[in-house]
Amino acid sequence: MKFTVAIDGPAAAGKGTLSKRVAAEFGFAHLDTGLLYRATGARVLDGADPVSAAQNLTPEDLARDDLRTTAVAQAASKAAAIPQVRAALVQFQHDFAGREGGAVLDGRDIGTVICPDAQVKLFVTASDTVRAERRYLELSGKGQDVTREGVFRDLTERDARDREREAAPLAAAQDAVVIDTSHMTIEDAVAAAVAAIRTAL
Ligand code: CDP
């Protein structure tokens with residue numbers, strides 16, 4: 001069975017947690033497409049050319065332990081605005097989406113560009129302050145030296161860049177179900193996503 005769930009939304013909206021929970025619930029495979037851009041950004045910070053970095057990503061690049069830093073997130077967002085970088089990452093995402101047994105992909109352009117025919121499209125969002133607080137707690141909990149102001153700035157800068165770029169901007173697909181998690185528990189958000197998927201199945 002081929003079945004694709006596309007989950008898009010701004011930075012730190014809870015896409016990752018939601019995607020993992022939904023994939024586990026249905027036994028689908030999960031791809032965090034942000035990791036591809038973060039791995040590209042990390043190589044750029046090492047001095048690589050963004051396009052050749054994206055074209056030559058290795059499994060080791062995707063397993064680096066510095067991918068969740070704010071510096072890498074910013075480098076990812078800058079590289080992600082380059083059309084040739086995005087083009088280099090399309091095939092991998094298409095192959096993943098087309099695998100047997102169902103797939104969940106989360107990112108910015110999954111429902112609009114990568115998988116416009118996905119059976120389920122979700123757009124997960126939350127207010128800027130809620131997203132910044134969640135990300136601050138996540139990063140400081142991992143021992144990263146971050147401030148609330150710095151995290152807020154990173155998210156709002158990246159969202160603006162991601163929304164305003166010409167190549168596959170961050171946007172909800174017209175047929176996406178919007179889940180605003182500002183006042184929801186993760187359990188509520190998972191239940192909303194599972195309900196949308198069950199309907200489509
Ligand atoms: O975890 P968070 O939501 O903060 O970010 P991410 O999903 O890991 O994505 C990092 C950056 O990669 C984003 O700010 C986007 O610029 C870029 N990205 C993208 O352009 N397209 C995707 N499908 C996924 C990520």
Side-chain angles (χ1 to χ4, degrees), residues 4-20 30-45 50-51 53-54 57 61-94 96-97 103-116 118 121-128 130-142 144 146 150-173 176 179 181 189:
T4 308
V5 180
I7 304 186
D8 292 303
K15 303 181 298 290
T17 309
L18 192 64
S19 302
K20 284 190 198 92
H30 169 226
L31 176 65
D32 169 4
T33 66
L35 219 52
L36 304 173
Y37 293 92
R38 284 177 181 263
T40 302
R43 297 257 327 249
V44 171
L45 292 180
V51 177
L57 282 185
D61 292 326
L62 297 172
R64 286 172 67 143
D65 60 10
D66 61 348
L67 297 184
R68 302 301 305 170
T69 63
T70 302
V72 167
Q74 283 288 338
S77 164
K78 286 175 189 160
I82 303 170
Q84 298 93 313
V85 164
R86 307 198 70 83
L89 302 174
V90 165
Q91 192 61 46
F92 182 78
Q93 296 175 82
H94 277 167
F96 194 95
V104 179
L105 286 81
D106 78 270
R108 301 293 185 288
D109 61 338
I110 308 302
T112 50
V113 173
I114 300 294
C115 303
K121 297 180 188 176
L122 306 176
F123 192 81
V124 182
T125 185
S127 71
D128 292 0
V130 165
R131 292 187 292 115
E133 182 65 15
R134 286 182 190 154
R135 181 54 53 89
Y136 170 76
L137 293 175
E138 177 194 335
L139 298 181
S140 58
K142 284 182 181 160
Q144 286 190 31
V146 287
V151 170
F152 185 87
R153 205 173 331 110
D154 167 55
L155 298 191
T156 47
E157 268 181 33
R158 278 196 290 134
D159 286 349
R161 194 184 295 116
D162 293 349
R163 282 200 179 95
E164 286 159 21
R165 71 183 176 216
E166 298 221 337
L170 162 66
I179 303 179
T181 68

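We count ligands from 1, going down the list as the structure has it; atoms in each ligand are counted the same way.
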For Ala80, the atoms of ligand 1 under 4.0 Å from one of its heavy atoms are 16 (O), 17 (C), 20 (O)
Logged contact type for Glu157 with ligand 1, heavy-atom cut-off 4.0 Å, is neither
Minimal heavy-atom distance between Val72 and Asp66, with the atoms involved, is CG2-O, 3.3 Å
Problem - Presence of salt bridge, Asp154 and Arg135, under 4.0 angstrom - result: no
Answer yes or no: is there a donor N or O on one side and an acceptor on the other, between the side chain of Thr4 and the main chain of Val104, under 3.5 Å?
no
Sub-4.0 Å heavy-atom contact, Lys78 with ligand 1 = no
Arg68 meets the side-chain hydrogen bond (donor to acceptor under 3.5 Å, both in side chains) criterion, sequence neighbours left out, with none
Any Lys78 side-chain heavy atom under 4.5 Å of Val44 side chain = no
Counting heavy atoms under 4.0 Å, the part of Arg68 that contacts ligand 1 is side chain
among protein heavy atoms, the one nearest atom 8 (O) of ligand 1 is Arg38 NE, 2.6 Å
Point to revise | N/O donor-acceptor pair under 3.5 Å between Arg108 side chain and Ala168 backbone | key: no
With sequence neighbours left out, the residues meeting side-chain hydrogen bond (donor to acceptor under 3.5 Å, both in side chains) with Gln91 are Asp95
Ranked by distance from atom 12 (O) of ligand 1, the top protein heavy atom is Tyr37 CB, 3.4 Å
Does a salt bridge link Arg134 with Glu138, judged by any charged N lying under 4.0 Å from a carboxylate O?
no
If you scan protein heavy atoms around atom 24 (C) of ligand 1, the nearest is Thr33 OG1, 3.4 Å
request  = Kindly say whether Leu105 contributes a backbone atom to a donor-acceptor pair with the side chain of Lys15 at under 3.5 angstrom?
outcome  = no
Ligand 1 to Gly107, heavy atom cutoff 4.0 Å, flagged ligand atoms 22 (C), 23 (N), 24 (C)
The option among Ala168, Ala13, Ala12 carrying the non-hydrogen atom nearest to atom 3 (O) of ligand 1 is Ala12
Closest to atom 16 (O) of ligand 1 (heavy atoms only, candidates Leu36, Val72, Asp162, Asp109) is Asp162
Atom 10 (C) of ligand 1 has as its nearest protein heavy atom Arg158 NH1, 3.6 Å
Of Arg86, Arg135, Arg108, Gln93, the residue with the heavy atom nearest atom 1 (O) of ligand 1 is Arg135
Counting from 1 in the order shown, the ligand 1 atoms closer than 4.0 Å to a non-hydrogen atom of Lys15 are 3 (O)
